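To start, I am sharing the structure in question, which I have written as structure tokens.
Only a predicted model underlies this, so the values are computations on that prediction, with no experimental measurement involved.
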Amino acid sequence: MKYEILLFDADNTILDFDKSEEQALKRAFAEVGLAYEQTFLNVYRKNNIYQWQLFEQGKQTKEEVLANRYIETFKELGLPLEKALQTGDLYEEYLMFGFYVIPHAEDVLVELQSKCKLYLVSNGVLRIQNSRMKGSGLEKYFIARFVSEEVGYPKPQVEYFNHCFKHIEGFNKCKTLIIGDSLTSDIQGGVNAGIDTCWFNPWRNANNTNLTPTYEITDLRELLDIVK
């Protein structure tokens, strides 16, 4: 096998975060008595991505991310600020039940599990990721999960990956591949750590960075030929 150790990101790589996110936001808005509109989702996603990028750069804590993404969104949309953090808390609770899976993810994991060692690498909130992995039925395919909240460093920092590598039995850099949807987190992290990278890009987004993934795929089933 070309690769024996596979590091999978969770959100929008094997778990459908976008679908889970929208359902959680709709429920949170209804709970606080606010009318939900698609405009809110678009503005929230923009702010959420920006806040997580600050976290990846070590410029703020995860707690600040979880608060600021709502505060900034409510400010931008002119929504009552006194409901921002309440909405955020409710969103996190409802997101725990977002068990949607990316197409073909389970079939691919089943096949790869028989050939490779699979690990989950995530910057998500620990309790939410644990709930979603269990509820989706995907947790059984992974030897271990490395969530930044427990590791103490976020992807793409090299310290995060050094921690992971120390806890992978028989680790071999040349036989390791990271798979994820984020250029700034997963691909940059792989580059920082000196391992091959696979950008999962089913939306065919433009790569506006100076990063060149080792592979780019639009369907998880393409991994099967890459790993051979």
Side-chain angles (χ1 to χ4, degrees), residues 1-15 17 48-66 102 105 108-109 112-113 115-130 132-133 138-201 205 207-217 220 222-223 226-227:
M1 300 293 291
K2 185 171 185 178
Y3 298 103
E4 298 173 356
I5 299 169
L6 304 181
L7 310 180
F8 278 89
D9 175 50
D11 290 329
N12 284 339
T13 299
I14 57 172
L15 293 176
F17 181 76
N48 186 46
I49 290 171
Y50 175 70
Q51 294 297 325
W52 280 109
Q53 286 175 344
L54 292 179
F55 173 73
E56 292 166 7
Q57 297 163 16
K59 294 180 179 178
Q60 66 178 4
T61 66
K62 186 167 291 184
E63 290 71 26
E64 289 172 325
V65 171
L66 302 184
I102 291 289
V108 169
L109 292 175
L112 289 175
Q113 186 191 39
K115 303 178 177 70
C116 308
K117 297 177 181 179
L118 310 185
Y119 296 88
L120 194 78
V121 289
S122 172
N123 274 347
V125 179
L126 180 63
R127 66 189 181 92
I128 294 175
Q129 296 301 63
N130 285 344
R132 294 173 65 225
M133 287 299 295
L138 299 185
E139 69 171 0
K140 61 181 174 288
Y141 301 111
F142 295 90
I143 295 172
R145 296 192 292 270
F146 300 110
V147 181
S148 60
E149 192 174 323
E150 286 185 311
V151 172
Y153 298 95
K155 294 181 296 180
Q157 292 184 17
V158 69
E159 293 88 351
Y160 172 90
F161 287 94
N162 286 341
H163 173 93
C164 298
F165 298 163
K166 287 178 182 177
H167 291 82
I168 295 176
E169 185 177 355
F171 174 73
N172 182 340
K173 239 179 210 189
C174 297
K175 292 285 188 178
T176 300
L177 178 71
I178 183 170
I179 304 101
D181 69 298
S182 172
L183 288 166
T184 59
S185 175
D186 304 308
I187 306 308
Q188 182 66 69
V191 170
N192 292 347
I195 60 175
D196 284 355
T197 60
C198 180
W199 183 29
F200 177 54
N201 184 24
N205 293 328
N207 180 354
N208 297 317
T209 73
N210 60 358
L211 296 167
T212 303
T214 312
Y215 310 97
E216 179 179 340
I217 62 174
L220 286 176
E222 296 174 65
L223 269 177
I226 289 173
V227 168

Exercise. Which pair of non-hydrogen atoms, one from Tyr160 and one from Ser122, has the smallest distance, and what is that distance?
Worked result: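 The answer is OH-N, 3.2 Å.
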Exercise. What distance separates Glu149 CD from Ile128 CD1, expressed to the nearest 0.5 Å?
Worked result: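 Spacing of CD (Glu149) from CD1 (Ile128) equals 9.0 Å.
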Exercise. Rounded to the nearest 0.5 Å, what separation is found between the CG atom of Asn12 and the CZ atom of Phe200?
Worked result: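 Result: 8.5 Å between the selected atoms.
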For this session: Evaluate side chain to side chain contact (heavy atoms under 4.5 Å, CB included) for Ile168 paired with Ile143, printing each intermediate quantity in order.
Result: CA-CA 9 Å; Ile168 295 176; Ile143 295 172; over 6 Å; no
For this session: Decide if atom NZ of Lys140 counts as having more than 12 heavy atoms of other residues, nucleotides or ligands within a radius under 6.0 Å.
Result: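 Atom NZ in Lys140 is packed in, count exceeds 12.
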Exercise. Does any non-hydrogen side-chain atom of Gln188 lie less than 4.5 Å from one of Thr197?
Worked result: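 No; the side chains remain at least 4.5 Å from each other.
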Exercise. Do the side chains of Leu66 and Glu63 get nearer than 4.5 Å, heavy atoms only?
Worked result: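 Answer no - side chains too far apart.
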For this session: Look only at the side chain of Lys173 and the backbone of Asp196, and say whether a donor-acceptor pair between them is shorter than 3.5 Å.
Result: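 Flag not set: sc Lys173 to bb Asp196 has no pair under 3.5 Å.
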Exercise. Do Phe165 and Phe171 have ring centroids that are under 6.0 Å from one another?
Worked result: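 Yes.
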Exercise. OG1 of Thr176 to CD1 of Ile178: how many Å apart, nearest 0.5 Å?
Worked result: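 Going from OG1 on Thr176 over to CD1 on Ile178, the span is 10.0 Å.
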For this session: Apply the side chain to side chain contact (heavy atoms under 4.5 Å, CB included) test between Cys198 and each candidate in Val227, Leu7, Leu177; give the one that qualifies.
Result: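 Running side chain to side chain contact (heavy atoms under 4.5 Å, CB included) over Val227, Leu7, Leu177 with Cys198 returns exactly one hit, Leu177.
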For this session: Check whether any side-chain heavy atom of Val65 sits under 4.5 Å from a side-chain heavy atom of Thr61, and report yes or no.
Result: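 Val65 does not reach Thr61 side chain to side chain.
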Exercise. Does any N or O in the side chain of Lys175 come within less than 3.5 Å of the main-chain N or O of Met1, such that one atom is a donor and the other an acceptor?
Worked result: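 Yes: the side chain of Lys175 pairs with the backbone of Met1.
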Just list the side-chain donor-acceptor pairs under 3.5 Å for residues 179-187, sequence neighbours left out, or say none.
{"residue": "Asp181", "atom": "OD1", "partner": "Thr13", "partner atom": "OG1", "Å": "3.3"}
{"residue": "Ser182", "atom": "OG", "partner": "Thr184", "partner atom": "N", "Å": "3.4"}
{"residue": "Ser182", "atom": "OG", "partner": "Thr184", "partner atom": "OG1", "Å": "3.3"}
{"residue": "Ser182", "atom": "OG", "partner": "Ser185", "partner atom": "N", "Å": "3.0"}
{"residue": "Thr184", "atom": "OG1", "partner": "Glu56", "partner atom": "OE1", "Å": "3.0"}
{"residue": "Asp186", "atom": "OD1", "partner": "Lys155", "partner atom": "NZ", "Å": "2.6"}
{"residue": "Asp186", "atom": "OD2", "partner": "Asp181", "partner atom": "N", "Å": "3.3"}
{"residue": "Asp186", "atom": "OD2", "partner": "Ser182", "partner atom": "N", "Å": "3.1"}

For this session: Would you give the length of the straight line joining atom CZ of Arg132 to atom CG of Leu138, rounded to the nearest 0.5 angstrom?
Result: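 Separation between the atoms: 10.0 Å.
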For this session: Taking the side chain as every heavy atom from C-beta outward, state whether Cys164 and Val121 have any atom pair closer than 4.5 Å.
Result: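 Yes, side chains in contact.
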Exercise. Looking at Pro156 and Asn192, what are the two nearest heavy atoms and their distance?
Worked result: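 So the two residues come closest at O-ND2, 2.8 Å.
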Exercise. Could you state the interatomic distance from CG (Leu112) to CZ (Phe8), rounded to the nearest 0.5 Å?
Worked result: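 Answer rounded to 0.5 Å: 5.5 Å.
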Exercise. Quick one: are Gln129 and Arg145 in side-chain contact, heavy atoms under 4.5 Å?
Worked result: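 SC-SC contact between Gln129 and Arg145 ruled out.
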For this session: Decide yes or no for Lys117 and Leu6: does some side-chain heavy atom of the first lie under 4.5 Å from some side-chain heavy atom of the second?
Result: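 Result no, sub-4.5 Å side-chain heavy-atom pair not found.
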Problem set entry | Test item: Trp199 and Tyr215 side chains (from C-beta on) under 4.5 Å apart, heavy atoms |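 No, their side chains stay 4.5 Å or more apart.
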Problem set entry | Ile217 vs Ile226 side-chain heavy atoms within contact, under 4.5 Å |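 Of all side-chain heavy-atom pairs linking Ile226 with Ile217, at least one is under 4.5 Å.
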For this session: Not counting sequence neighbours, which residues clear side-chain contact (heavy atoms from CB on, under 4.5 Å) with Gln157? List them please.
Result: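 Only Tyr153, Pro154, Glu159 meet the side-chain contact (heavy atoms from CB on, under 4.5 Å) criterion with Gln157.
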Exercise. If you take all heavy atoms of Phe146 and His163, which pair is closest and at what distance?
Worked result: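 In terms of heavy atoms, the two residues are closest at CD2-CD2, 4.1 Å.
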Problem set entry | Separation between CG of Asn123 and CH2 of Trp52, rounded to the nearest 0.5 Å |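 Between atom CG of Asn123 and atom CH2 of Trp52 there are 6.5 Å.
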For this session: With side chain to side chain contact (heavy atoms under 4.5 Å, CB included) as the test, would you mind laying out the steps for Leu15 and Met133 before giving the verdict?
Result: CA-CA 8 Å; Leu15 293 176; Met133 287 299 295; 3.8 Å; yes
